[in-house]
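Below is one structure; the comments refer to it alone.
Quick note: residue numbers are just sequence positions, from 1.
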Amino acid sequence: MSSNDCRKYLSLLVSKPWLLPFVLWLEGRGEFSARDMALGVGVRTPIARRVLWWFTKFGIVEKRVIGERVYYRVTDIGKKLVYCTIDATIVSRKGLLLDYGKEYIVVYAKRTRISWYTVPKEIVDKVQRTLANAPNAIFKVKDLSLSTSLPQKLVVRALRVLSILGRVKRTPEGFKARS
């Protein structure tokens with residue numbers, strides 16, 4: 001599949017990043033219920049039902065009702081989306097990282113909600129350069145914020161991206177570049 005085709009599919013995730021853990025969960029699935037999805041991702045069933053409503057609307061899954069039970073099956077469009085998403089995503093215990101154009105999208109699922117944020121690549125690069133310029137130094141978030149002239153919250157988000165990418169190491173004293 002070409003990168004232009006993948007960009008088209010990934011644009012859906014950029015508009016609704018909270019769908020990312022659920023798209024990744026779809027890989028290799030046959031028929032499943034909302035409860036199966038909720039248990040697999042680790043969220044409450046009403047959240048999975050809402051996701052499946054969106055997936056049905058976008059044609060990612062098709063709905064099948066058997067008696068009182070509702071089942072879903074991944075469509076061809078859904079399979080292409082899953083394929084493109086797997087290639088562009090890094091899965092870590094610290095979150096999911098989607099590399100999209102000039103920004104990173106970080107998503108993590110909790111039992112009652114899905115949280116996400118974006119970080120421009122230039123910000124991540126700026127924090128990484130600061131760390132790399134002093135290879136053995138240990139920086140606190142406040143130090144990095146002063147060095148880069150960025151707000152502390154943005155520095156924390158950039159550090160999470162670098163941590164998922166494996167480029168920074170957290171120590172009890174602070175952060176340092178991995179060698």
Side-chain angles (χ1 to χ4, degrees), residues 1-121 124 153-154 156-170 178:
M1 184 174 293
S2 74
S3 62
N4 284 340
D5 289 341
C6 280
R7 272 192 91 62
K8 180 179 77 173
Y9 288 112
L10 290 176
S11 66
L12 165 68
L13 289 177
V14 171
S15 68
K16 302 199 180 325
W18 55 275
L19 295 174
L20 180 62
F22 300 94
V23 170
L24 293 173
W25 184 84
L26 291 176
E27 182 190 16
R29 301 284 172 214
E31 205 168 71
F32 59 91
S33 67
R35 178 155 171 73
D36 296 335
M37 178 181 268
L39 290 172
V41 176
V43 297
R44 296 177 62 222
T45 304
I47 294 172
R49 282 193 195 112
R50 188 67 178 153
V51 167
L52 287 167
W53 180 86
W54 280 104
F55 281 178
T56 305
K57 179 180 177 180
F58 291 132
I60 296 168
V61 298
E62 50 190 30
K63 185 176 180 179
R64 228 175 61 140
V65 180
I66 302 171
E68 293 182 14
R69 299 204 180 251
V70 178
Y71 294 98
Y72 298 88
R73 178 171 290 157
V74 182
T75 63
D76 289 338
I77 292 171
K79 289 175 184 172
K80 290 175 184 173
L81 175 64
V82 169
Y83 173 78
C84 291
T85 304
I86 287 172
D87 284 349
T89 305
I90 296 173
V91 179
S92 164
R93 63 182 179 86
K94 296 173 183 132
L96 303 172
L97 181 71
L98 179 65
D99 184 348
Y100 187 78
K102 295 182 178 182
E103 63 187 8
Y104 291 108
I105 301 171
V106 179
V107 183
Y108 48 98
K110 296 186 178 178
R111 177 101 177 105
T112 57
R113 72 176 189 271
I114 309 297
S115 300
W116 63 273
Y117 54 84
T118 62
V119 184
K121 285 185 178 179
V124 173
K153 188 174 184 177
L154 191 54
V156 168
R157 290 179 173 185
L159 286 168
R160 180 174 265 190
V161 169
L162 289 169
S163 180
I164 292 172
L165 291 171
R167 297 181 189 160
V168 71
K169 181 179 181 181
R170 184 178 186 156
R178 284 199 188 264

Distance, nearest 0.5 Å, that separates CH2 of Trp18 from NZ of Lys16:
7.0 Å
N/O donor to acceptor pairs below 3.5 angstrom from side-chain atoms of residues 35-52, sequence neighbours left out:
residue, atom, partner, partner atom, Å
Asp36, OD2, Ser33, N, 3.0
Asp36, OD2, Ser33, OG, 3.2

Ser115 meets the side-chain hydrogen bond (donor to acceptor under 3.5 Å, both in side chains) criterion, sequence neighbours left out, with Arg113
Could you tell me if the side chain of Val74 sits less than 4.5 Å from the side chain of Phe55, heavy atoms only?
no
Contacts of type salt bridge (Lys or Arg N to Asp or Glu O under 4.0 Å), residue Arg73, not counting sequence neighbours:
Glu31
Verify side-chain contact (heavy atoms from CB on, under 4.5 Å) between Tyr108 and Ile114, making sure each step is shown before the conclusion.
CA-CA 6 Å; Tyr108 48 98; Ile114 309 297; over 6 Å; no
Write out all pairs satisfying salt bridge (charged side-chain N to carboxylate O under 4.0 Å, His left out) with one or both partners inside residues 97-107, taking only residues at least two apart or from two chains.
Asp99-Lys121
What residues form a side chain to side chain contact (heavy atoms under 4.5 Å, CB included) with Val156, not counting sequence neighbours?
Val141
Hey, does Leu19 have a side-chain heavy atom less than 4.5 Å from the side chain of Leu13?
yes
Closest heavy-atom pair and its distance - Ile77, Gly59:
CB-O, 3.8 Å
Does any non-hydrogen side-chain atom of Ile86 lie less than 4.5 Å from one of Val23?
no
I need the full list of ring-ring contact (aromatic ring centres under 6.0 Å, His included) pairs touching residues 85-106, with sequence neighbours left out, sorted by first then second residue.
none
How long is the span from the CD1 atom in Ile105 to the CG atom in Leu98, to the nearest 0.5 Å?
5.0 Å
Please name the pair of heavy atoms, one in Phe32 and one in Arg29, separated by the smallest distance, quoted to 0.1 Å.
CD2-CB, 4.0 Å
CG-CD1 distance between Leu81 and Ile60, expressed to the nearest 0.5 angstrom:
5.0 Å
Set of ring pair (Phe, Tyr, Trp, His ring centres under 6.0 Å) partners for Phe58, sequence neighbours left out:
Trp54
Nearest 0.5 Å, please: how far is CG in Leu24 from OG1 in Thr89?
5.0 Å
Could you walk me through whether Tyr72 and Thr56 pass the side-chain contact (heavy atoms from CB on, under 4.5 Å) test, one step at a time?
CA-CA 9 Å; Tyr72 298 88; Thr56 305; 3.8 Å; yes
I need the minimum non-hydrogen distance between Leu96 and Pro21, along with the two atoms involved.
CD1-CA, 3.6 Å
Is Glu62 atom CD crowded by more than 12 heavy atoms from other residues, nucleotides or ligands, each under 6.0 Å away?
yes
Taking only residues two or more places apart in sequence or in another chain, which ones pass salt bridge (Lys or Arg N to Asp or Glu O under 4.0 Å) with Asp87?
none
Name the atoms and distances for all side-chain donor-acceptor pairs under 3.5 Å in residues 158-168, with sequence neighbours left out.
residue, atom, partner, partner atom, Å
Ser163, OG, Lys94, NZ, 2.9
Arg167, NH1, Gln128, OE1, 3.3

Using the ring pair (Phe, Tyr, Trp, His ring centres under 6.0 Å) criterion, which residues pair with Trp116? Sequence neighbours excluded.
none
